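Since this is a predicted model, take the numbers as computed values, not measurements.
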Amino acid sequence: MLSRLRGVMTTLFNPLARVLLRMGVSPDAVTVFGTIGVLVTALWAFPTGHLAVGAIVIALFAFLDSLDGTMARLAGRSGPWGAFLDSTLDRLADAAIFCGLAGYFLLQTDGAVRRFGTIVALTCLVLGSMVSYARARAEGLGMTANVGIAERGERLVVSLVAAGVVGFGLPVWVLLALLSLLAAASLVTVLQRMATVRTQALAARAVSPSAPSEA
């Protein structure tokens, strides 16, 4: 579903992408601008209790992920640097979102919700980073780990929808519950990727028994 939505957004962004390119705006500039927008919004709106505003604005900035890719494709600038920049800044944006949600629990709630909410938000941050690292490390070793039930798109949608609905009036335990489920799904995804890479590594060793083991 998310890949289909991304394809629709790419089509819709074509006219805007062409306009920006004619104005001399580079895809990298759009990537950086979108990340800064997410950082500022997440680290201000969430800790100050503006969950609905933060979720909506961050979602709008997140769509720039499709816009910069569309611009790079139209300009013929797609390449390793753009992919590296986009992936690196995605990690920074994700960290800001969950740090902002941790700040919300820490500053806007109290009691058990404050304690557990802060822990769960930071757990989502750590496990989300592990999901991304597992895939990157596997690809660095010549394998693939593009599996799992909680990839970046799913994590982004769940966290922003959860923040948004609580911002519009649902009780805070809804946010706590959905983030807890997201943390569990992220852990499952890490384990799925580890199992996938192990299977590939064992298959490669069976083909080349003399190959050195991984460090």
Side-chain angles (χ1 to χ4, degrees), residues 2 5-6 9 13 16 20 25-69 71 82 84-133 150-183 185-186:
L2 290 175
L5 176 61
R6 194 174 294 114
M9 293 308 301
F13 276 144
L16 177 58
L20 291 175
V25 179
S26 71
D28 289 351
V30 173
T31 302
V32 172
F33 175 75
T35 302
I36 292 174
V38 172
L39 289 173
V40 172
T41 303
L43 296 178
W44 168 78
F46 289 161
T48 56
H50 298 86
L51 292 181
V53 171
I56 292 170
V57 174
I58 290 172
L60 293 175
F61 277 118
F63 282 131
L64 293 178
D65 269 351
S66 297
L67 179 58
D68 60 7
M71 292 174 64
F84 172 81
L85 179 66
D86 190 58
S87 296
T88 301
L89 294 185
D90 280 350
R91 305 290 81 74
L92 187 59
D94 292 351
I97 291 170
F98 290 110
C99 282
L101 291 174
Y104 167 78
F105 283 111
L106 192 62
L107 300 175
Q108 303 297 326
T109 63
D110 51 29
V113 171
R114 178 183 182 183
R115 292 192 297 274
F116 289 115
T118 303
I119 292 171
V120 168
L122 294 178
T123 301
C124 286
L125 189 160
V126 173
L127 291 175
S129 297
M130 290 182 64
V131 169
S132 300
Y133 175 79
E151 297 190 18
R152 183 178 187 257
E154 287 78 10
R155 296 196 306 273
L156 195 62
V157 169
V158 171
S159 58
L160 293 182
V161 168
V165 296
V166 171
F168 279 116
L170 289 185
V172 68
W173 65 260
V174 173
L175 177 59
L176 180 59
L178 289 176
L179 289 182
S180 298
L181 291 174
L182 182 59
S186 297

I'd like a table of donor-acceptor pairs (distance under 3.5 Å, sequence neighbours excluded) in which one partner is a side-chain atom from residues 30-38, with atom names and distances.
from  : atom 1 : to    : atom 2 : distance (Å)
Thr31 : OG1    : Pro27 : O      : 3.1
Thr31 : OG1    : Asp68 : OD2    : 2.5
Thr35 : OG1    : Thr31 : O      : 3.0

Just list the side-chain donor-acceptor pairs under 3.5 Å for residues 157-177, sequence neighbours left out, or say none.
from   : atom 1 : to     : atom 2 : distance (Å)
Ser159 : OG     : Arg155 : O      : 2.9
Ser159 : OG     : Leu156 : O      : 3.1

Donor-acceptor contacts, no H, no angles, side chain residues 90-103, under 3.5 Å, sequence neighbours left out:
from  : atom 1 : to     : atom 2 : distance (Å)
Arg91 : NE     : Ser132 : OG     : 3.2
Arg91 : NH1    : Ser87  : O      : 3.0
Asp94 : OD1    : Arg152 : NE     : 3.0
Asp94 : OD1    : Arg152 : NH2    : 3.0
Asp94 : OD2    : Arg152 : NE     : 3.0

* Asked: Between atom CG of Leu39 and atom CG of Leu43, what is the distance when rounded to the nearest 0.5 Å?
  -> 6.0 Å
* Begin from the C-alpha positions of Val25 and Met71 and carry the test side chain to side chain contact (heavy atoms under 4.5 Å, CB included) through to its verdict. => CA-CA 9 Å; Val25 179; Met71 292 174 64; 4.3 Å; yes
Return a table of donor-acceptor pairs under 3.5 angstrom between the side chains of residues 116-130 and protein atoms on other chains or two or more places apart.
from   : atom 1 : to     : atom 2 : distance (Å)
Thr118 : OG1    : Arg114 : O      : 2.7
Thr123 : OG1    : Ile119 : O      : 2.7
Ser129 : OG     : Leu125 : O      : 3.0

* Over all heavy atoms of both residues, which pair between Ala150 and Ser186 is shortest? Give the atoms and the distance, please. => CB-N, 3.9 Å
* Minimum-distance pair of heavy atoms, taken over all atoms of Phe105 and Leu179 -> CE1-CD1, 3.8 Å
* Asked: For Leu107, what residues pass the side-chain contact (heavy atoms from CB on, under 4.5 Å) criterion, not counting sequence neighbours?
  -> Pro47
* Structure fact -> Residue pairs meeting side-chain hydrogen bond (donor to acceptor under 3.5 Å, both in side chains), one or both in residues 96-109, sequence neighbours left out, come to none
* To do: Hey, could you give me each pair passing side-chain hydrogen bond (donor to acceptor under 3.5 Å, both in side chains) that has a residue in residues 39-58? Not counting sequence neighbours.
  => Thr48-His50
